[in-house]
Amino acid sequence: MISMQNNLNDGVSVNLKSLIGLRLESRRLHIATRGKVLSTRSGGHLSRFRGRGMEFDESRIYQPGDDPRNMDWRVTARAGKLHVKLFREERERPVWLLVDQGPSMRFGSRVAFKSVIASSAAALLAWAAVDKGDRVGGLVFDETRHFEHRPAARTQGLLPLFKALSQAPLNEKRGGYTSIASATEYLSHLVRPGSLIFLISDFFGLTSEDGATFARLKTGSELVLVQVYDNLESTPPPAGQYPVSDGVQRGLWDTRATMQRNAWSSRFAEQLNLLKELSNRHQAHLISLRTDQPVGESLSRGLGVRLGAKAGKP
């Protein structure tokens with residue numbers, strides 16, 4: 001098994017080769033659908049459309065024009081009337097990956113920046129979707145530019161998406177988005193019902209009112225929130241004084257005051273509670289990724305919980 005940590009390059013940026021190299025590790029991820037697939041293309045998911053497909057659905061009374069090759073002789077003999085078999089066809093599902101590469105994502109105290117973890121997670125999910133027969137598209141954004149690619153079959157949607165994920169700043173001239181909420185609002189106009197949508201971000205600055213955009217995005221689709229965070233954001237460093245710099249000015253960061261340390265932890269806890277509340281309200285699934293933990297393993301665990309919830313498991 002390829003180690004994710006060996007594919008993060010310098011931890012500050014990610015290159016195209018490493019994203020392509022994640023295909024093998026993506027096979028541990030299970031992103032089976034939890035709802036109906038409404039697409040009309042052939043693919044790897046059972047839809048509500050009926051026809052000559054992969055799985056038997058039901059039998060009904062024969063009607064003029066039905067294919068005699070689908071005759072259900074057992075039911076016919078039992079009922080005394082001609083019956084034919086109906087099947088459910090397998091359909092492709094559009095998968096959207098919204099990936100935040102904004103200023104707050106360009107931070108990490110250990111192993112890698114949050115932006116790198118987000119890019120790697122998106123690549124893993126994209127490969128898993130393609131191997132399942134889904135069509136993959138994405139919206140990658142920062143504060144100045146954004147890249148969008150509508151879902152495409154097989155691997156046609158991957159290379160443009162991977163190139164966008166490996167470029168900083170994005171090699172695209174369109175305007176950017178200053179928040180996950182504004183990017184989500186734009187995405188809600190692109191997504192069609194029956195999609196599986198992954199929002200990959202630290203959700204910095206998200207408010208309860210922003211949940212309305214989740215509601216619009218969730219209509220007729222399945223939504224998964226992938227929170228990326230650094231351990232330093234959730235837990236303050238040991239009490240002391242630390243030199244800090246914004247690239248221009250320098251100063252000392254004093255973490256010795258108990259009140260300041262408590263406030264530090266409370267901010268992250270409040271944000272996490274908000275994400276949980278919004279997830280529950282809009283029937284979305286929440287997965288958390290930490291920058292110093294293997295991305296593939298964390299995603300696999302989170303997606304396993306998602307499918308367990310579908311089956312009603314604890």
Side-chain angles (χ1 to χ4, degrees), residues 3-14 98-122 124-125 142-143 168 178-181 198-208 210-211 214 224-247 249-281 284-306:
S3 171
M4 170 65 73
Q5 300 303 88
N6 292 334
N7 281 286
L8 295 180
N9 304 293
D10 58 2
V12 176
S13 61
V14 64
L98 186 147
V99 189
D100 186 353
Q101 299 281 275
S104 65
M105 295 292 288
R106 299 193 285 271
F107 169 79
S109 63
R110 297 180 182 179
V111 181
F113 277 10
K114 290 184 287 182
S115 58
V116 172
I117 299 298
S119 294
S120 300
L124 282 167
L125 292 167
D142 60 22
E143 70 278 18
T178 57
S179 70
I180 183 68
F198 292 92
L199 306 186
I200 308 174
S201 173
D202 59 2
F203 297 97
F204 178 79
L206 190 72
T207 67
S208 181
D210 294 329
F214 289 176
V224 180
L225 309 181
V226 182
Q227 177 202 29
V228 184
Y229 74 98
D230 188 88
N231 190 53
L232 188 59
E233 294 175 310
S234 60
T235 306
Q241 291 182 311
Y242 298 88
V244 294
S245 173
D246 62 1
Q249 298 179 325
R250 294 179 178 272
L252 283 178
W253 177 32
D254 194 336
T255 65
R256 293 174 296 182
T258 301
M259 183 178 297
Q260 184 184 46
R261 294 173 59 78
N262 290 340
W264 182 281
S265 300
S266 295
R267 280 194 297 269
F268 182 81
E270 290 172 0
Q271 182 190 44
L272 182 57
N273 288 335
L274 173 60
L275 279 174
K276 290 179 178 179
E277 192 274 327
L278 290 175
S279 297
N280 292 332
R281 186 195 308 171
H285 184 68
L286 176 62
I287 299 174
S288 293
L289 306 179
R290 208 171 80 181
T291 57
D292 61 341
Q293 295 177 344
V295 184
E297 293 178 13
S298 298
L299 269 180
S300 180
R301 285 195 300 270
L303 292 171
V305 171
R306 165 180 168 266

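Counting begins at 1 with the first residue of the sequence.
Looking at heavy atoms from C-beta onward, Trp253 lies in side-chain contact with Pro237 at the 4.5 angstrom threshold. Residues Ser265 and Ser234 form no side-chain contact, since every pair of their non-hydrogen atoms from C-beta on lies 4.5 Å or further apart. With a 4.5 Å cut-off on side-chain heavy atoms, Arg250 and Val244 do not count as touching. Annotation: side chain of Val226 is in contact with side chain of Leu289 (closest heavy-atom distance under 4.5 Å). Side-chain atoms of Leu206 and Ile180, non-hydrogen and from C-beta on, do get closer than 4.5 Å to each other. In this structure the side chain of His285 never reaches within 4.5 angstrom of the side chain of Leu225, judged on heavy atoms. Looking at heavy atoms from C-beta onward, Leu299 lies in side-chain contact with Leu125 at the 4.5 angstrom threshold. Within the 4.5 Å cutoff, no side-chain heavy atoms of Asn280 are placed close to those of Glu277.
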For side-chain contact (heavy atoms from CB on, under 4.5 Å), just list the numbers for Thr291 and Phe113, CA-CA rounded to whole Å, side-chain angles, deciding distance to a tenth of an Å, and then say yes or no. CA-CA 7 Å; Thr291 57; Phe113 277 10; over 6 Å; no
Apply side chain to side chain donor-acceptor pair (under 3.5 Å) to residues Ser115 and Gln101 and explain how you reach the verdict. CA-CA 5 Å; Ser115 58; Gln101 299 281 275; 4.8 Å; no
Verify salt bridge (Lys or Arg N to Asp or Glu O under 4.0 Å) between Glu143 and Arg106, making sure each step is shown before the conclusion. CA-CA 12 Å; Glu143 70 278 18; Arg106 299 193 285 271; 2.8 Å; yes
Residue pair Phe107, Asp202: steps toward the side-chain contact (heavy atoms from CB on, under 4.5 Å) verdict: CA-CA 11 Å; Phe107 169 79; Asp202 59 2; over 6 Å; no
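The aromatic rings of Phe214 and Phe203 sit perpendicular to each other, their planes meeting at more than 60°, with 30° as the lower class boundary.
Here the straight-line distance linking atom OG of Ser288 with atom CZ of Arg301 works out to 11.0 Å at 0.5 Å rounding. Distance CZ/Arg267 to CG/Asn262: 11.0 Å, rounded to 0.5 Å. One finds the CG atom of Asp210 at 8.0 Å from the CG atom of Leu278 (value rounded to the nearest 0.5 Å). Summarising the geometry, atom CZ belonging to Arg290 is positioned 9.0 Å from atom OG belonging to Ser298; distances are rounded to the nearest 0.5 Å. Atom CZ of Arg261 sits about 5.5 Å away from atom OG1 of Thr255, to the nearest 0.5 Å. Interatomic distance, Gln227 CD to Leu199 CG, rounded to the nearest 0.5 Å: 12.5 Å.
Under the rule for a ring-ring contact (aromatic ring centres under 6.0 Å, His included), the partners of Tyr229 that lie at least two apart in sequence or sit in another chain are Phe268.
Trp264 contributes a side-chain N or O that, together with a main-chain N or O of Leu232, makes up a donor-acceptor pair within less than 3.5 Å. Side-chain atoms of Lys114 come within 3.5 Å of backbone N or O of Ser104 as a donor-acceptor pair.
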